[in-house]
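As structure tokens, the structure follows; a few thoughts come after it.
Here is the naming used below: chain letters follow the sequence lines, and residue numbers restart at 1 for every chain.
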Number of protein chains: 2
Amino acid sequence: MTIPNLIPSNIAPLVEHFNDYLPMDAEDIAMLIPRFVERKVKRRQFILQEGDVCQHYSFVVSGCFKIYKVDEKGGEHNIQFVTENDWATDIGSFHAEKPSELYIEAIEPGHILQIKRPDLLFLYVNNPKFDRNFRVIIENKFVELQNRLLQSFCVNATERYLTFLEQYPALSQRLPNTQIASYLGITPEFLSKIRKDLVSK
Amino acid sequence: MTIPNLIPSNIAPLVEHFNDYLPMDAEDIAMLIPRFVERKVKRRQFILQEGDVCQHYSFVVSGCFKIYKVDEKGGEHNIQFVTENDWATDIGSFHAEKPSELYIEAIEPGHILQIKRPDLLFLYVNNPKFDRNFRVIIENKFVELQNRLLQSFCVNATERYLTFLEQYPALSQRLPNTQIASYLGITPEFLSKIRKDLVSK
DNA sequence: ATTTACCCTTAATCTAAGTTAAGGTTCTTT
DNA sequence: AAAGAACCTTAACTTAGATTAAGGGTAAAT
């Protein structure tokens, strides 16, 4: 661990995360520490609700969150799960400062670090490393999202489920099947059928 | 127009594009000019094929391109159309230098400006403005892609078509319905039915 | 000028996934 | 410890959209 021990322990995972992209020196770290706020989140607690402007980029230190949309008929559609060392936000709402169509909700109790828009803009303007880091972070998110779109277009529900198991083996243990079904774009009943058919080869 | 007239006219749209994000001075422009290569593209010509590593970020000066994936059964699925002043690339393949799963093909004859990976990395390392610009470009692309995913999850084919007409009125004139159907994730036959039903209220 | 290739539509049949309903099970909260 | 949620499964029925097939239209290449 290359991080000086003057860093509050609860910020360490975030500093390590940025370090994975571009080495952070003491000055960089000093710049980000006061701008992130720690927050504990209970199970089922929202960090974003439809109609609200998304005010934060939230870095997940622990816990598991779902980002989802509710359709006209009240059905929930998970677009992304966010766990340790990943970011939860509605980028569109955050940057355009427009009401979000999405919910971000804790599936498990957790622990996050949040930065507000003006503070993130401050980092962008005063330290180009943050432009770089977030460029790369968003490039990776873009690729993930594009693969998800390709899957949903090109393969059937059974193959989407198998890909999910392969890609996120830990999540498949951690989440109830109702949430996985919503992520795959199918009903829990149909997922149940797929699982049964898979077991009997 | 704030661009000095020493700029080759064929690069001007690109400089203007960057200017929309962050003002480019003479030095910035001098840095990018030698790194972009102009290329004419015929109808049906590929700028990326499945199995090849995506070597370029391609800025479209004129023309219309489709980015699509071919499924196991040979079906084509358009994931994005790219027209004037937009970028065509497979970000995942480009950055990981891995074979692409996608095709990028000209629907119309066109005219593009291409930059290779080492040249783009040079810009990133030597001028933080490019990290910023591409961060914002990719943020916008991410939002576009996320909206597409939400649409495909939450609404039926008729509403997806209406949204497409609203969002890209010019494209709906410019493209054959077969291409639009592929973008919407339906067959041309079903799009034809939707159009008929819409006309008869 | 005409063939070729692509494009649009209609309609009948087919299928993957949704819906509803019901019973049993396992977490969570009191 | 009990009650209440939430979760998982099975099964019968329904539906959105796919598939197939066929006819006619239009642009473009020889």
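In this view, A:E189 satisfies the salt bridge (Lys or Arg N to Asp or Glu O under 4.0 Å) rule with no residue, not counting sequence neighbours. The side chain to side chain contact (heavy atoms under 4.5 Å, CB included) search around B:N78 returns B:K66, B:Y68, B:F81, B:Q179, B:S182, B:Y183, not counting sequence neighbours. For B:A181, the side chain to side chain contact (heavy atoms under 4.5 Å, CB included) partners at least two apart in sequence or on another chain are B:I186, B:P188, B:L191. With sequence neighbours excluded, the residues satisfying side chain to side chain contact (heavy atoms under 4.5 Å, CB included) with A:E84 are A:S62, A:R174. With sequence neighbours excluded, no residue forms a side chain to side chain donor-acceptor pair (under 3.5 Å) with A:R43. Qualifying side chain to side chain contact (heavy atoms under 4.5 Å, CB included) partners for B:N127, counting only residues two or more places apart in sequence or in other chains: B:D28, B:M31, B:K129, B:F130. Here A:E144 pairs with A:Y168 under the side chain to side chain donor-acceptor pair (under 3.5 Å) rule; sequence neighbours left out.
Taking the side chain as every heavy atom from C-beta outward, A:F65 and A:D86 never approach each other to under 4.5 Å.
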Atom pairs under 3.5 Å: protein N/O with N/O of nucleotides 5-8 of chain D:
{"residue": "D:dC8", "atom": "OP1", "partner": "A:N177", "partner atom": "N", "Å": "3.0"}
{"residue": "D:dC8", "atom": "OP2", "partner": "A:N177", "partner atom": "N", "Å": "3.0"}
{"residue": "D:dC8", "atom": "OP2", "partner": "A:T178", "partner atom": "N", "Å": "3.0"}

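Read 5' to 3', the first and last nucleotides of DNA chain C with an atom closer than 4.0 Å to a heavy atom of chain B are C:dC6 to C:dA11.
Summary of helix geometry: the two end axes of the helix from C:dC8-D:dG23 to C:dT30-D:dA1, each defined by five base pairs via their C1' atoms, are inclined to each other by 50° (rounded to 10°).
The stretch residues 92-103 of chain A participates, sequence neighbours left out, in these side chain to side chain donor-acceptor pair (under 3.5 Å) pairs: A:E50-A:Y103, A:K69-A:E101, A:D90-A:S100, A:E97-A:R117.
Not one N or O on the side chain of A:R39 forms a donor-acceptor pair closer than 3.5 Å with the backbone of A:G110. Within the 3.5 Å criterion, the main-chain N or O of B:F134 finds no donor-acceptor partner in the side chain of A:R135.
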Checklist entry - Reading nucleotides 15-25 of chain D from the 5' end, what letters show protein touch, with B for base, S for backbone sugar-phosphate only, - for no heavy atom under 4.0 Å? => result --BSBBB----
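Side-chain contact annotation: B:H56 with B:W87, donor-acceptor N/O pair under 3.5 Å absent.
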